[in-house]
Amino acid sequence: MKITAALARGAKQALAVTALELDEPRDDEVLVRVVASGICRTDIDVRDGYLPTPTPVVLGHEGSGVVVRAGRLVRQFAPGDHVVMSMGSCGVCPSCQVGLPAYCVQHVPLNFMGSRPDGSVCMHERGEHVHSHFFSQSSHASFTVAHQSSLVKVADDVDLRWLGPLACGVMTGAGGVINTLKPEAGTSIVIFGAGTVGLSALMASKIVGCSRRIVVDNKPERLALARELGATDTILAAAGVDVAAEVRSLTDGLGAHNAFESSGVKSVISTALTAIRERGTCVMTGVLPQGSVVEFDAWQLLRGRTVRGSVMGDCLPSQFIPRLVEFYRQGLLPLEKISRLYPLADINQAIEDGISGAVVKAIVVMPHPDATST
């Protein structure tokens, strides 16, 4: 079938919105009419050649849509189901068996190699192969073929246009708080970075009952949004500002009970550790290039502080994403306040607005003139 998709052709080139051919789903795959798909920093890093996904490729890993057809071996999904598309996983390794598919031993080949495990693709341009199955979905397209492991069924009475980012950015932030940090009600948290991940962490910290919610960023407009979303205090990171000292002054001189770091900046990660109290925990979600070294004062660790990483919210998407949908339904996770919708034709503008900070989360909506958003 013919589809419209945003094609990444090479490093740092603008994406080309073009017509492609899409194959039928295999026995373990699902054909999805994509309603919308978020743009994540990972998509941009692939476009710019920083990650080893081959091109030309259709990106997108925060998709939402409606099932059109399911393969012969697919039992959990049927035509008409509303779904969010997350990451692919093998389902059988030790991490998958305990409900942590982000740590799947096949995570890189299933999500970053731009093909099925056997090397085949499902998208083509004038007879030439186009790499597909990015995060087992490649959702920057009007229709896509996704592996069943990446799909999560969601309620059919919620606007699908806003739900795609639950699959990555929102899940990473909210899950990093709820599943990784697990803060007790009444405790304090400092969140470094007010992008999609950090603001999702903020909203989650309010949901779980953190009484002091401090957000640090270098953009005043992002801090204003953080206050609207529930920050009790904000700190503008600027030259000459001792952020850790500011945090301690807001937390009885001891530091926050927990820190959530989403910037991926080495100096900020070091500050996050310094800003927590003894026996506090700092969770890292910001991505650094492999081989990066972050320096800490060893005394900070010796005094009972903990630093740990968190990938994709340390969650099982099939269970956690429906919880996030329910938070959204209840008004506890107001996704519209951090998101902006763009038509697929404007995907390059959406990317630039995300890079410049003009928008927190850009979401591209697919061209379906004969269908509603749901």
Side-chain angles (χ1 to χ4, degrees), residues 38 40-41 62 84 86-87 99-100 102 152 154 158 162-217 222-223 225-235 247 251 256-264 272 275-276 280-287 306-339 360-361:
C40 177
R41 186 74 210 190
E62 293 183 340
V84 167
S86 186
M87 57 191 152
L100 292 171
V152 176
V154 296
V158 181
W162 306 102
L163 300 189
L166 298 181
C168 184
V170 176
M171 183 170 71
T172 296
V177 170
I178 295 172
N179 301 319
T180 310
L181 272 176
K182 299 179 181 177
E184 296 181 5
T187 57
S188 55
I189 186 170
V190 55
I191 296 164
F192 290 84
T196 301
V197 175
L199 292 175
S200 298
L202 167 64
M203 290 184 281
S205 70
K206 185 178 180 181
I207 289 170
V208 300
C210 291
S211 58
R212 185 141 234 159
R213 302 176 296 274
I214 307 164
V215 177
V216 182
D217 200 274
R222 290 290 178 88
L223 295 179
L225 178 57
R227 289 190 290 272
E228 183 180 346
L229 293 172
T232 59
D233 306 274
T234 58
I235 299 172
V247 173
T251 52
H257 292 92
N258 295 289
F260 183 96
E261 198 290 314
S262 67
S263 73
I276 57 175
T281 300
C282 171
V283 161
M284 293 172 47
T285 63
V287 178
T306 299
V307 179
R308 62 170 298 182
S310 176
V311 179
M312 302 288 279
D314 279 354
C315 74
L316 181 60
S318 61
Q319 294 181 3
F320 193 61
I321 287 177
R323 287 182 65 191
L324 296 178
V325 172
E326 189 57 33
F327 290 147
Y328 170 66
R329 193 202 303 267
Q330 294 175 14
L332 301 174
L333 197 66
L335 301 174
E336 296 97 332
K337 290 187 177 182
I338 65 170
S339 308
V360 177
K361 169 59 67 174

For P334 and L229, the nearest pair of non-hydrogen atoms, with its separation, is CG-CD2, 3.8 Å
With a 4.5 Å cut-off on side-chain heavy atoms, are L223 and V215 touching? yes
Looking only at atom types and distance, does a side-chain atom of E62 sit under 3.5 Å from a main-chain N or O of G169, one as donor and one as acceptor? yes
Test salt bridge (charged side-chain N to carboxylate O under 4.0 Å, His left out) on R323 and E326 and set out the steps. CA-CA 5 Å; R323 287 182 65 191; E326 189 57 33; over 6 Å; no
Which pair of non-hydrogen atoms, one from V152 and one from P322, has the smallest distance, and what is that distance? CG1-CD, 3.8 Å
Donor-acceptor contact below 3.5 Å, side chain T232 vs main chain R213: yes
Note, P165 side chain near L335 side chain (heavy atom, < 4.5 Å): no
Pairs meeting criterion side-chain hydrogen bond (donor to acceptor under 3.5 Å, both in side chains) with involvement of residues 175-193, two or more places apart: T180-S310, T180-D314, S188-H257
Between CG of L324 and CG of L166, what distance do you get to the nearest 0.5 Å? 5.5 Å
Tell me the closest heavy-atom pair linking I338 and V360, and the distance in Å. O-CB, 3.2 Å
Rounded distance [0.5 Å steps], CG in L199 versus CE in M203: 6.0 Å
Are N258 and I276 side-chain neighbours, meaning at least one heavy-atom pair lies under 4.5 Å? no
Decide yes or no for I178 and F327: does some side-chain heavy atom of the first lie under 4.5 Å from some side-chain heavy atom of the second? yes
Nearest-0.5 Å distance that lies between atom CE in M87 and atom SG in C168: 8.5 Å
For K337, check salt bridge (Lys or Arg N to Asp or Glu O under 4.0 Å) against everything at least two apart and list the hits. E228
Do side-chain atoms of D217 reach the backbone of R222 as a donor and acceptor pair under 3.5 angstrom? no
What are the two closest non-hydrogen atoms of A167 and I321, and how far apart are they? CA-CD1, 4.0 Å
Within this structure, what is the CG-CZ distance for the pair D233 and R212, rounded to the nearest 0.5 Å? 4.0 Å
Which pair of heavy atoms, one from F192 and one from A259, lies closest together, and at what distance? CE1-CB, 4.4 Å
What's the separation between atom SG in C210 and atom CG in L181, rounded to the nearest 0.5 Å? 8.0 Å
Looking at every heavy atom in both A226 and T234, which two are closest together, and how far apart are they? CB-CG2, 4.5 Å
For residues 162-178, which residue pairs pass the side-chain hydrogen bond (donor to acceptor under 3.5 Å, both in side chains) check, not counting sequence neighbours? none
I214 side chain reached by T251 side chain, heavy atoms, under 4.5 Å: yes
